[in-house]
Number of protein chains: 2
Amino acid sequence: MATIQDVAKMAGLSRTTVSRVINQHPYVTEEKKRLVSKAMKELNYVPNSSARRLRRQQTETIAVYVPRITNPFFSHLVEVMEKEAAKKGYQLILCQTSYKKEQERSFLELLKTKQVDGLILTSIENDWSEIEPYLAYGPIVVCNEYSDSAQVPLVFLDQIEGGYIGTKHLIEQGYTKLGYCTGDHKSSRVAHDRRIGFLKALNEAGLQMKDEWYFGGAYSVQDGKNTFETLRNLEDPPQALFTGSDEVAAGIVKAAGDAGWNVPQDLAVIGFDNQPLAELMELTTVEQPIESIASQAMGLMIESIKSKRASVRKEVILPLKMIQRSST
Amino acid sequence: MATIQDVAKMAGLSRTTVSRVINQHPYVTEEKKRLVSKAMKELNYVPNSSARRLRRQQTETIAVYVPRITNPFFSHLVEVMEKEAAKKGYQLILCQTSYKKEQERSFLELLKTKQVDGLILTSIENDWSEIEPYLAYGPIVVCNEYSDSAQVPLVFLDQIEGGYIGTKHLIEQGYTKLGYCTGDHKSSRVAHDRRIGFLKALNEAGLQMKDEWYFGGAYSVQDGKNTFETLRNLEDPPQALFTGSDEVAAGIVKAAGDAGWNVPQDLAVIGFDNQPLAELMELTTVEQPIESIASQAMGLMIESIKSKRASVRKEVILPLKMIQRSST
DNA sequence: TCTGATTATGAAAACGATTTCATGAATTCG
DNA sequence: CGAATTCATGAAATCGTTTTCATAATCAGA
């Protein structure tokens, strides 16, 4: 593999002159430029990434943390972020935290050791106070999740509104016995806010929530099925269920159908995200503008990297939208 | 940000000694080790990634190419690969080719400029002759796709068998008018082999395939719906459809249902992958052992990086399995 | 014609880590 | 007892690029 020294030797010039040509700096004659280009081509030379990074103090790489890439919500976020990053000449390192604090912490070291220029967190496992010190090493942008104390750009969705409009919809459909189904992810402000919205809508309608109508630990299709098995064995099951994702809602609808229950007559179900699955399973769902939050988050990340200014809090909040289908 | 020079100064030792402690090389007294560790902690020192990469000629990073991360097949592959890589201390750079040759080519430069130690290709856009020269810069492993001429490790599935068993199943269910629905991805050996298997099963049963029963360009749920719209307007539509993914199959099933067609009476549909969607939509499907091929591919990649030996061809072929549900 | 600015090119330093080679002390073995 | 080996520590070189500073030639304007 040729180095800039080899190119300089073949062109009969100095490494400085070759570097000037590569980086399109001024004060090099056209003749010398030709010589350098010819030598680069003959030697099949490209600059070494590690040397460049060391000298320039830049990596042109961004790490994106997601709990699991198989979750369609996160894979959709990452798809858009990778495309935006590639457009601007950045690479995206994928980090799966699997909802684990220590996994998130070990990935934070990427910023500290300067293996990446910045990080985007799409879920937060540790307390912000554990994450905040890493801002000394590079910019952090939070996407989808939220933190009151974070002095960083945050791009997120109004989840209180999401919880509210979903629940209001169920109430407007005539349901009075409403269950709540969630991932039960302790660190998640998303889950917390949706529940606030859910309870607010219940309170406005003068409705009550029974403890046994709360279903936790549901992240996947299988979890949705398990939730239905728990629900069907209640003496007084809820008439409608608010869930945290289309997968979980689909699992519930499928298991209910298999058990001979009629959706929505015997059980109304509302999902979240409006993925292709939602249409296939005729799910009423709350649509999140994933493409918008992903591209804005990546845009803010790259802007933060380039500006080299101290991190400041900036909130970008987007609204959610109800999509009504047959499951409610 | 402290450097090794700062640590050396605070410990009253040379950078060589500090490096010996960091890298656990021999011939350093316990007392000196203590001094170094104390200084590192006080200065909150971690080694700089760019400097290490340059000196060691290693990046501990692997690039994985997928057409689109939102395709559940690919997101499942990447999930397993990222986990395996993280276990061995490697980072994974995600590269989305979007089925484009020039996108793939631009990502190949990551190997040439030594920004990654190796690449895993899960789909192949360019001719192998265009990719092969990059082996001079680092190892390449092919996963899921196939190439006769590639002198690299390949981990893939027996897609001729997959096409065959899926089609045989339809024939065994009594269907004689079989349609074929595919992504129509010209570079894909996967699609090519499945069609060979499909035709082989047809020929064995003495069945014929009409040109109008061939449906191309289908990758997504929406493409599946479009396929159904085309099919329903045929004078002599097929009784059964072999498709290339569960998404496409689900789109067809959904659109058929919406049009009042009965699945499988009016149209039998078979999918591929056995994703959660397949169970939700009651799809008969050909299951691919995604977890196995992903972890083997990453294992072979890391082995290739560490061994620094010349690339040799090695094939790992895994079988497929029929999963029968209500759509056939 | 002279002076200051611009142009053209190159040597050395810099980025930060790790390895190679050097030096001297201590230990071991014949 | 002396030679060889091992142990302990450090200086310089190395990895490969880019920038800073130096030098000389050319140009433009007063």
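Any value given below was found using the heavy atoms of this structure, including those in side chains, with hydrogens, waters and symmetry copies removed. On a predicted model such as this, the values are computed, not experimentally measured, just so you know.
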Double-helix bend of the helix from C:dT1-D:dA30 to C:dG30-D:dC1, axes at both ends from 5 pairs, round to 10°, gives 40°
Please list residues of residues 13-20 of chain B whose heavy atoms come under 4.0 Å from any atom in DNA chain D, ordered by number; otherwise none.
-> B:L13, B:S14, B:T16, B:T17, B:R20
Which atom names give the shortest non-hydrogen contact between A:V141 and A:L300, and what distance separates them?
-> CG2-C, 4.2 Å
Residue-level proximity of residues 43-56 of chain B to DNA chain D when a heavy atom falls under 4.0 Å | B:L54, B:R55
Specify the closest pair of heavy atoms between A:E84 and A:I302, including all atoms of both residues, with the distance to one decimal.
-> O-CD1, 4.5 Å
Electrostatic pair B:R105-B:E102, nearest N-O below 4.0 angstrom | no
Taking heavy atoms of chain A and a 4.0 Å limit, find me the 5'-most and 3'-most nucleotide of DNA chain C within that range.
-> C:dT7 to C:dG16
Ion pair present between B:K38 and B:E42, side-chain N to carboxylate O less than 4.0 angstrom?
-> yes
Whole-Å distance separating the CE atom of A:M1 from the C1' atom of D:dC15 | 15 Å
NZ (B:K101) with more than 12 external heavy atoms under 6.0 Å | yes
Those residues of residues 22-33 of chain A lying under 4.0 Å from DNA chain C by at least one heavy atom | A:Y27, A:V28, A:T29, A:K32
Over 60° means perpendicular and under 30° means parallel, so classify the ring planes of B:Y65 and B:F107, tilted if in between.
-> perpendicular
Can you sort out the partners of A:R15 under side chain to side chain contact (heavy atoms under 4.5 Å, CB included), two or more places apart, ordered by chain and number?
-> A:I4, A:Q5, A:A8
Is there a donor-acceptor pair under 3.5 Å between the side chain of B:R313 and the backbone N or O of B:L154?
-> no
Decide whether B:D117 and B:T59 meet the rule of one side-chain donor and one side-chain acceptor closer than 3.5 Å.
-> yes
Closest non-hydrogen atoms of B:Q151 and B:L135, given as atom of the first, atom of the second and distance, are O-CD1, 4.2 Å
Residue pair B:P139 / B:I305: nearest heavy atoms and the distance that separates them | CG-CG1, 3.8 Å
Would you tell me whether A:T16 and A:S19 have side-chain atoms, one donor and one acceptor, within less than 3.5 Å of each other?
-> no
Under the side-chain hydrogen bond (donor to acceptor under 3.5 Å, both in side chains) criterion, do A:T61 and A:R53 qualify, and how do the steps go?
-> CA-CA 10 Å; A:T61 307; A:R53 287 171 176 236; 3.3 Å; yes
Determine, for B:E125 against B:K100, whether the closest basic-nitrogen to carboxylate-oxygen distance falls under 4.0 angstrom.
-> no
Passes side-chain hydrogen bond (donor to acceptor under 3.5 Å, both in side chains), B:Q288 versus B:Q159? Steps please.
-> CA-CA 10 Å; B:Q288 311 201 77; B:Q159 304 289 356; 3.1 Å; yes
